[in-house]
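Below you'll find the structure, written out as structure tokens, and then a few comments.
First the proteins, then the strands, lettered A, B, ... as listed; each starts at 1.
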Amino acid sequence: MANRDTNSKDSREIGLVELRRGVLVLAVLSRLRQRQYGYSLRQALAEGGMPIEEGTLYPLLRRLEGQGLLLSEWDTGTSPPRRYYRLSPEGERAFAELADAWRAQAEVINGFLKEESDR
Amino acid sequence: MMTAGDVIESYVRDVAGYLPRKKRNDVAFELRALLQDELAAKAAAQGRAPDKEMAMDLLSGFGRPAEAAARYQPRSPLIDPADNHNFLIWAIVGSLVFSAVDPQNRLASLQWVGGVFLWFAVVAWLRRRRASERLHWRPTRGLYPEAASRPLVLLPGLATLVFPFAMYLAPQTWWRIATFGTGKSSGLALTDAFLHSWQRGVTLAGLALVVAIYAAAAAQGGWRTWSRHALIAANLLVGGMLVVHAAPMLTLLGRQTFTIFQSQVANDVAMPIFGLVGGLMELASLYDAYKEWARVSPAPALHGAGSA
């Protein structure tokens, strides 16, 4: 019985992780209209209600930069020197498309949830 | 005594070691700065100076250096995860067969596993490059369809009748006919001991059984459960007997040794071939047996379900 409860809890946690992973890119892009470095971005996401593991976020920034969605530059005037990221023009377009897709998905899911709560 | 800074330096150095050369310096420089930020925040939250334990605790969230590096530079798996199942079956069954066929050669199983690994790795690489359309899935009717053209089912049986059945039965005559009377067949002369051996009798019976099963399947217009199972059993029998041929022959009574061919050269050439062909037949038959066990036919059915 205890084992089944543990499995059920694990499944719920996996579901939540999957859910958050799906919107992670959108959340990151939304915070990068202003330039941020890795740690400050993580703080901004956490304060907004979306804490992200550091080991996940920092490589993601590199990948988004590699995909042309972000631009980065080193600021050596700070100690330690920091790499700042912000949206590229391509990132602006991608963000707008993802935001539209998110709103459409949210509307669909809200419809499903409303049907459930009306039963 | 390592400080928190030493721990971070060590971690950054190890992560960088897994990255492509052109990325190393840049990623390492940024990662060090980020870890220092994270450590300073952690120390401030705990109200004490950072130490080795605090740094280790922080780094546990990043995972092993290889894992952290893989997030910066994702690597393709050497074997497609989707192929793990097939890889394990071929590797395990093959190594078991090689251990049985050639117990003296302790490296044979390892060589087989290495060969299978290389094969799957090359296939995965080709798939990623989309170099070959042949590697894409295509629908087939299966090796043993329940309804099939009679001549097509009979053909492998007839082929078995000509080779190896007829050749095994009378190798000299077979060779003379195959070479239109021009080939020398004296090297294929069998010893009297082999001609009257149980090994030859059982092998001929196995080969005849294979031919008969193909004929029966052709007569039924396709394969049934019994004919598929019988063919696997007959092939296992023939493969096993060929493996027996690769070892010195022993009489049933008295356990005296004898050779297959009168010519020693023919024996030296043929025995490894018997072993190889027998081993491959065993391997293929065991794979067929596995496919038979995993077969869903003719359509997935619900067992023990109360209602659909």
Inter-chain polar pairs, chain B versus chain A: which donor-acceptor atoms lie under 3.5 Å apart?
{"residue": "Asp26(B)", "atom": "O", "partner": "Arg62(A)", "partner atom": "NH2", "Å": "3.3"}
{"residue": "Asp26(B)", "atom": "OD1", "partner": "Trp74(A)", "partner atom": "NE1", "Å": "3.2"}
{"residue": "Asp26(B)", "atom": "OD1", "partner": "Arg83(A)", "partner atom": "NH1", "Å": "2.9"}
{"residue": "Asp26(B)", "atom": "OD2", "partner": "Arg62(A)", "partner atom": "NH1", "Å": "3.1"}
{"residue": "Asp26(B)", "atom": "OD2", "partner": "Arg62(A)", "partner atom": "NH2", "Å": "3.2"}
{"residue": "Asp26(B)", "atom": "OD2", "partner": "Arg83(A)", "partner atom": "NH1", "Å": "2.5"}
{"residue": "Asp26(B)", "atom": "OD2", "partner": "Arg83(A)", "partner atom": "NH2", "Å": "3.2"}
{"residue": "Glu30(B)", "atom": "OE1", "partner": "Arg62(A)", "partner atom": "NE", "Å": "2.8"}
{"residue": "Glu30(B)", "atom": "OE1", "partner": "Arg62(A)", "partner atom": "NH2", "Å": "2.9"}
{"residue": "Glu30(B)", "atom": "OE1", "partner": "Tyr85(A)", "partner atom": "OH", "Å": "3.1"}
{"residue": "Glu30(B)", "atom": "OE2", "partner": "Tyr85(A)", "partner atom": "OH", "Å": "2.6"}
{"residue": "Asp37(B)", "atom": "OD1", "partner": "Arg82(A)", "partner atom": "NH2", "Å": "2.7"}
{"residue": "Asp37(B)", "atom": "OD2", "partner": "Arg82(A)", "partner atom": "NE", "Å": "3.2"}
{"residue": "Glu38(B)", "atom": "OE1", "partner": "Arg42(A)", "partner atom": "NH2", "Å": "2.6"}
{"residue": "Glu38(B)", "atom": "OE2", "partner": "Arg42(A)", "partner atom": "NE", "Å": "2.7"}
{"residue": "Glu38(B)", "atom": "OE2", "partner": "Arg42(A)", "partner atom": "NH2", "Å": "3.2"}
{"residue": "Glu38(B)", "atom": "OE2", "partner": "Tyr58(A)", "partner atom": "OH", "Å": "2.4"}
{"residue": "Arg71(B)", "atom": "O", "partner": "Arg63(A)", "partner atom": "NH1", "Å": "3.0"}
{"residue": "Arg71(B)", "atom": "NE", "partner": "Gly55(A)", "partner atom": "O", "Å": "2.7"}

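The side-chain contact (heavy atoms from CB on, under 4.5 Å) test applied to Ala124(B) returns Asp80(B), Arg128(B), not counting sequence neighbours. Here Ala94(A) pairs with Leu69(A) under the side-chain contact (heavy atoms from CB on, under 4.5 Å) rule; sequence neighbours left out.
Counting non-hydrogen atoms of neighbouring residues, nucleotides and ligands closer than 6.0 angstrom, the CE atom of Met56(B) reaches no more than 12 such neighbours. Surrounding CH2 of Trp226(B) are more than 12 heavy atoms belonging to other residues, nucleotides or ligands, all under 6.0 Å away. Within 6.0 Å of the CZ atom in Arg48(B), the count of heavy atoms belonging to other residues, nucleotides or ligands exceeds 12.
Both the backbone and the side chain of Leu58(B) come within contact range of chain A, judged by heavy atoms closer than 4.5 Å. Both the backbone and the side chain of Pro59(A) come within contact range of chain B, judged by heavy atoms closer than 4.5 Å.
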Anything under 3.5 Å between a donor and an acceptor, one on a side chain of residues 82-92 of chain B, the other on a protein residue two or more places apart or in another chain? List them.
{"residue": "Asp83(B)", "atom": "OD2", "partner": "Arg127(B)", "partner atom": "NH1", "Å": "3.1"}
{"residue": "His85(B)", "atom": "NE2", "partner": "Tyr290(B)", "partner atom": "OH", "Å": "2.4"}

